[in-house]
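This report refers to the structure that appears directly beneath it.
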Amino acid sequence: MYIEDKSSSLSGPARIGRVTFSKTGKSISYGGRTFQSLKGSGFKANYFDVETGERFWISGPRKDGKDRLHPESSAPIEIDADVAEEYWREIRGERFRHAAEK
């Protein structure tokens, strides 16, 4: 999933990573944090961290790579190492190259 921190700005730190959904589907876990839906009541965010209240935009990654809610942002998007190869192959349809190959 694409996860962007909206707690301090409209274009906050962002990453692509593997999340887990609760059995009920009402919450998402990632990186030791639990997120719940704002159910449409958020401004530029759709989830919040249940412990801190910080707001996030969480969505499926896009094939064209324009994952940011504000695509004009040039801020980098980190990709977790454990999903990088799958992301490039399955989502972006490209061959993954390890840093040593570049």
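Here the structure is a predicted model, which means the values were calculated and not measured. FYI, the numbering just counts along the sequence from 1.
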### Query
F21 and I58: same hydrophobic cluster, using ILVMFWY side-chain contacts below 4.5 Å?
yes

### Query
Could you go step by step and tell me if R55 and Y47 meet the side-chain hydrogen bond (donor to acceptor under 3.5 Å, both in side chains) rule?
CA-CA 6 Å; R55 294 179 175 225; Y47 283 85; over 6 Å; no

### Task
First locate atom CD of Q36, then atom CG of N46, and finally report the distance between them rounded to the nearest 0.5 Å.
13.0 Å

### Query
With the threshold set at 4.0 Å, does a side-chain nitrogen-carboxylate oxygen contact exist between R33 and E51?
no

#### Entry: Stepwise side chain to side chain contact (heavy atoms under 4.5 Å, CB included) test for D49 and T34
CA-CA 6 Å; D49 181 312; T34 301; over 6 Å; no

### Query
At what distance, to the nearest 0.5 angstrom, does CZ of F56 lie from CZ of F35?
4.5 Å

### Message
Using side-chain heavy atoms (C-beta onward) and a distance below 4.5 Å, is R68 in contact with S11?
### Response
yes

### Task
Answer yes or no: are there more than 12 heavy-atom neighbours, outside E94 itself, under 6.0 Å from its atom CD?
yes

#### Entry: I16: which of I3, I77, I91 passes side chain to side chain contact (heavy atoms under 4.5 Å, CB included)
I77

### Query
Under 3.5 Å, is there a donor-acceptor pair linking the side chains of Y87 and E85?
no

### Query
Do the side chains of Y2 and I79 join up, straight or via other hydrophobic residues, at under 4.5 Å, putting them in one cluster?
yes

### Query
Between R95 and W88, is any pair of side-chain heavy atoms under 4.5 Å apart?
no

## Note on the structure
Taking every heavy atom of D64 against every heavy atom of K66, the minimum-distance pair comes out as OD1-N, 2.9 Å

### Query
Do any pairs count as a salt bridge (Lys or Arg N to Asp or Glu O under 4.0 Å) and have a residue in residues 12-23, sequence neighbours left out, and if so which ones?
R15-D80, R18-E86

### Query
Which pair of heavy atoms, one from E4 and one from K6, lies closest together, and at what distance?
OE2-NZ, 3.0 Å

### Query
Are any of the side-chain heavy atoms of M1 and Y30 separated by less than 4.5 Å?
no

### Summary
dist S27:OG -> F48:CZ (nearest 0.5 Å) comes out at 10.0 Å

